[in-house]
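Since the structure comes first, as structure tokens, the remarks are kept for the end.
Hydrogens, waters and symmetry mates play no part in the numbers below; they use all other heavy atoms, side chains included.
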Amino acid sequence: MTEPVSNEIVEQRLKNMEALREMGYRPFGRAFARSGRLADVVAAFEEGKPVRVAGRLTTSRDMGKSLFADLRDASERLQVYAMKNHLGEESYAAFKRLDLGDHIGVEGTLFTTRTGEKTVKIDRWELLSKALLPLPEKWHGLKDTDQRYRQRYLDLVANAESRQVFARRSAIIREIREYLCRLDFQEVETPMMQPQPGGAAARPFITRYEALDTRMYLRIAPELYLKRLLVGGYDKVFELNRNFRNEGLSRTHNPEFTMIEIYEAYSDMRGMKALVEAMVVHVAEKVMGTLKVGTDEAPINLTPPWREVPYRDLVKERMGNDWFALDKADMGRKADAAGVHIDPAWGEAEITQEVYSKLIEKTLQDPTFVTRLPAELVPLAKRCEDDPSVVDVFELVIGGKEIAPGYSELNDPIEQRKRFEAQAGEDAQKVDEDFLTAMEHGMPPAGGMGIGIDRLVMTLTGCDAIRDVILFPQLKPREG
RNA sequence: AGGCCGUUAGCUCAGUCGGUAGAGCACUUGACUUUUAAUCAAGGGGUCCCGGGUUCGAAUCCCGGACGGCCUACCA
């Protein structure tokens, strides 16, 4: 036991365990058949009905010859009542040796107390698991953020809000799956270990496959494999799973994060736009019961239709109509005056991008589709027919955060090669020949989209840190 | 990587001007047969994050370090 818990408390619990053992109780019991979860038992309440329930002891109110205690399981809290005359001397004495945090199984009958609380009067009980360490304090909960993440089980025991966030995360993911499956999308799994990472520009994690004596990468995106499936005849496909990016930690970044990518053949960016809007609205209504989400300080209204605005119009809105007529030096001066730090080596596109991400993106609170992004930022999308300097994509921003990019996917292998090469520069390794070969066999035109699930969960549940929506977020390892 | 803030009992937190280390919950003992943060009485529990310095005297002031949080930077 490495926990810094005082000896007094642990020794007392060990003593209680031994006392119970001597009274014939197994400290770590076996399966216990329940009538149902506590919530089911409460829902089907009938005065005098016999029930079998199990849970963790969370509080007790001892009144000498009888005591009330609360049991808790994943579903609910339920009060149990132990009476000396009813249980018998020995069983009652043993019950008093229980510690908060112990799991017990109870056989008893349902009744209602004077104050109207549904309660199980204990006929018999058994010890299912002894807790040797104490749980966090019962009504302030556990606040130490580091401990909440490192010992998430304590956070989950102590903090109902935390349990609710993860229940909602699960529900959000389930609703997304069901929504897409109803539309005949097929879920697939593609490699997480890839000989060549692609589909995004990010530093990958590197690992080694000993059997083949070869270097492998944890995927930064599934995109290039899903597009191979489009070549292979899939027309509605999605993958919902983890990506890995070898980057820093922040309020909105975890090195492994959950992403859904969705592709639909013969569709385009507009099809994806309609899909994501309808799907997010559906999920919010199902899981949150409302389209007004976010926090009190930063409310978000998801009511459709969502705003759509070209990237350049947003920039002009903020920086003036003449922005794109300015030369590099004037742009730099104007950006600097607006408080955006500019690297002198940057061109117009980079300055504009910096202005967008520093000044504009965070102001887009309600859902906004930012469209017609500069082509050099997006190597995997089709160009707009009326203006080849921009691509036919959207960037969905909600609550000031990028939630989902959507593309009219590039399906021209010759242009794809050029765009890869332009992006790769000297680093020829970045060109995925195997993917280009697939595309040369003919990839249908398609709409594609990725949604950052963690960020979507943050947006819907009103959490402002990605760590609050990931059960075991990445942390700096502790020294032993 | 830089700036700011924090670290005191198992948990949540006070601690004044530098003068014997505190509360609630949890724990122990006792009273109590319908309680609800049960109540009442008594008790045990401390490397005040670590190391150094100033001082008659440091949880408190100074220096260095560790750990954490927030912001900035990095980040498709």
Side-chain angles (χ1 to χ4, degrees), chain A residues 1 3-13 15-16 58-70 77-87 92 96-97 99-101 111-119 121 131-151 154-155 157-159 198-203 220-221 223 243 245-255 257 259 339 341 343 353-354 356-358 361 373-374 376-381 393 395 401-405 407 423 450 452 464-467 475-479:
Chain A
M1 225 166 299
E3 298 309 313
V5 171
S6 82
N7 286 335
E8 183 203 347
I9 286 174
V10 177
E11 278 168 17
Q12 185 56 44
R13 283 174 178 254
K15 234 168 74 185
N16 288 339
T58 55
T59 65
S60 84
R61 295 170 289 282
D62 180 351
M63 288 167 304
K65 296 191 178 62
S66 77
L67 71 82
F68 288 95
D70 289 345
R77 181 198 72 90
L78 179 62
Q79 180 169 265
V80 297
Y81 182 51
M83 229 189 341
K84 189 173 184 178
N85 284 353
H86 186 71
L87 271 180
Y92 187 72
K96 285 203 171 197
R97 298 308 291 255
D99 290 304
L100 300 188
F111 77 106
T112 308
T113 65
R114 193 154 63 190
T115 51
E117 176 149 356
K118 291 166 180 165
T119 303
K121 182 174 170 184
L132 299 178
L133 292 170
L135 296 175
E137 206 253 8
K138 69 182 174 191
W139 78 80
H140 289 104
L142 180 68
K143 295 201 173 158
D144 182 272
T145 49
D146 191 50
Q147 199 180 2
R148 283 184 49 219
Y149 301 134
R150 286 187 198 278
Q151 294 180 276
L154 294 181
D155 177 45
V157 167
N159 299 320
R203 192 195 312 161
I220 55 177
E223 174 156 353
N243 289 341
R245 296 188 184 175
N246 204 339
E247 291 161 359
L249 299 165
S250 84
R251 208 166 48 80
T252 52
H253 293 81
N254 196 66
F257 62 99
M259 179 104 167
H341 178 74
D343 185 325
Q353 176 60 19
E354 186 69 4
Y356 169 77
S357 60
K358 285 293 178 303
E361 189 176 82
L373 298 178
E376 57 272 30
L377 297 176
V378 189
L380 292 157
V393 302
E395 180 79 49
K401 289 190 288 285
E402 298 166 22
I403 299 291
Y407 298 176
Q423 185 195 32
D464 58 6
I466 200 167
R467 286 174 167 188
L475 300 169
K476 194 170 161 186
R478 257 203 183 147
E479 307 215 348

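Among the atoms of the strands shown, only primed sugar atoms or phosphate atoms (P, OP1, OP2) are found under 4.0 Å from some heavy atom of A:N16. Across all strands, A:R77 comes closer than 4.0 Å to no nucleic acid atom at all (heavy-atom distances). In this structure, A:K358 reaches the sugar-phosphate backbone alone: every heavy-atom distance under 4.0 Å involves primed, P, OP1 or OP2 atoms, never a base. Here A:P379 lies in heavy-atom contact (under 4.0 Å) with a base.
Atom pair A:K401:NZ and B:C75:C1' shows a separation of 16 Å (rounding to whole Å applied). In this structure, the NZ atom of A:K143 is 15 Å from the P atom of B:U7, given to the nearest Å. Distance A:I9 CD1 to B:G46 P: 11 Å, rounded to the nearest Å. Atom OH of A:Y81 and atom P of B:A38 are 16 Å apart (whole Å). When the P atom of B:U39 is taken as reference, atom NZ of A:K65 falls 20 Å away, rounded to whole Å. Rounded to whole Å, atom C1' of B:U12 lies 15 Å from atom CG of A:L135. To the nearest angstrom, P of B:C11 lies 8 Å from CG of A:D144. Protein atom CE of A:M259 is 18 Å distant from nucleotide atom P of B:C75, rounded to whole Å.
Only the P atoms considered, B:C75 is 42 Å distant from B:G15, to the nearest whole Å. Nucleotides B:U60 and B:G52, compared at atom P, are 14 Å apart to the nearest Å. Of the P atoms belonging to B:A9 and B:C48, the separation is 10 Å, rounded to the nearest Å. The gap from the P atom of B:C40 to that of B:C25 amounts to 9 Å, rounded to the nearest Å. Look at the C1' atom in both B:A14 and B:A23: the space between them is 7 Å, to the nearest Å. Rounded to whole Å, the separation between the P atoms of B:C13 and B:U72 comes to 25 Å. Taking atom P on both B:G69 and B:U8, the two are 15 Å apart, rounded to the nearest angstrom. Taking atom C1' in both B:G51 and B:A59, the straight-line distance is 16 Å, to the nearest Å.
Distances shorter than 4.0 Å separate some side-chain N or O of A:R150 from OP1 or OP2 on B:G68. The phosphate of B:C71 has OP1 or OP2 within less than 4.0 Å of a side-chain N or O from A:R251. OP1 or OP2 of B:U28 sits under 4.0 Å from a side-chain N or O of A:Q12. Dashed line: the shortest gap from a side-chain N or O of A:R203 to OP1 or OP2 of B:C74 is not under 4.0 Å.
Under the Watson-Crick and G-U wobble criteria, each requiring two contacts below 3.5 Å, nucleotide B:C32 is left unpaired. In this structure B:C74 sits in no base pair that meets the Watson-Crick or G-U test at under 3.5 Å. For B:C4, the paired base is B:G69 (Watson-Crick or G-U wobble, both distances below 3.5 Å). Checking B:G45 for Watson-Crick or G-U wobble geometry (two distances, each under 3.5 Å) identifies no partner in any strand. Pairing for B:C25 is with B:G10, a Watson-Crick or G-U wobble pair whose two hydrogen-bonding atom distances lie under 3.5 Å.
Out of B:G69, B:A76, B:U34, the shortest distance to the side chain of A:R467 is found at B:G69. In the set B:C27, B:C32, B:A76, B:C32 carries the atom at the smallest distance from any side-chain atom of A:M63. With B:U35, B:A76, B:C32 as the candidates, the nucleotide lying closest to the side chain of A:R245 is B:A76. The side chain of A:Q147 lies closest to B:C11 when the candidates are B:C11, B:U35, B:G69.
Side-chain atoms of A:R114 stay outside donor-acceptor range of the base of B:U34, with no qualifying N/O pair under 3.5 Å. Counting distance only, with no hydrogens placed and no angle test, the side-chain atoms of A:H253 and the base atoms of B:C75 include a donor-acceptor pair under 3.5 Å. With hydrogens and angles ignored, no donor-acceptor pair closer than 3.5 Å exists between the side chain of A:E117 and the base of B:U35.
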Steps toward side-chain contact (heavy atoms from CB on, under 4.5 Å) verdict (A:L142, A:Q151) = CA-CA 10 Å; A:L142 180 68; A:Q151 294 180 276; 5.8 Å; no

Evaluate side-chain contact (heavy atoms from CB on, under 4.5 Å) for A:N254 paired with A:L249, printing each intermediate quantity in order.
-> CA-CA 6 Å; A:N254 196 66; A:L249 299 165; 4.2 Å; yes

List the steps and the verdict of side-chain contact (heavy atoms from CB on, under 4.5 Å) for A:Q79 and A:T113.
-> CA-CA 10 Å; A:Q79 180 169 265; A:T113 65; 3.8 Å; yes

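Counting heavy atoms from C-beta outward, A:R251 and A:D464 have side chains that approach closer than 4.5 Å. Contact annotation: the side chain of A:P134 approaches that of A:R13 to within less than 4.5 Å [non-hydrogen atoms, C-beta and beyond]. In this structure, the side chains of A:F257 and A:R245 come closer than 4.5 Å at one or more pairs of heavy atoms.
Judged purely by atom type and a 3.5 angstrom limit, A:R61 has no side-chain atom pairing as donor or acceptor with the backbone of A:F68. The backbone N or O of A:E247 sits nowhere less than 3.5 Å from a side-chain atom of A:R203 that would complete a donor-acceptor pair.
In terms of position along RNA chain B, the nucleotide closest to A:P136 lies nearer the 5' end than the nucleotide closest to the other residue of the pair A:P136 and A:S60.
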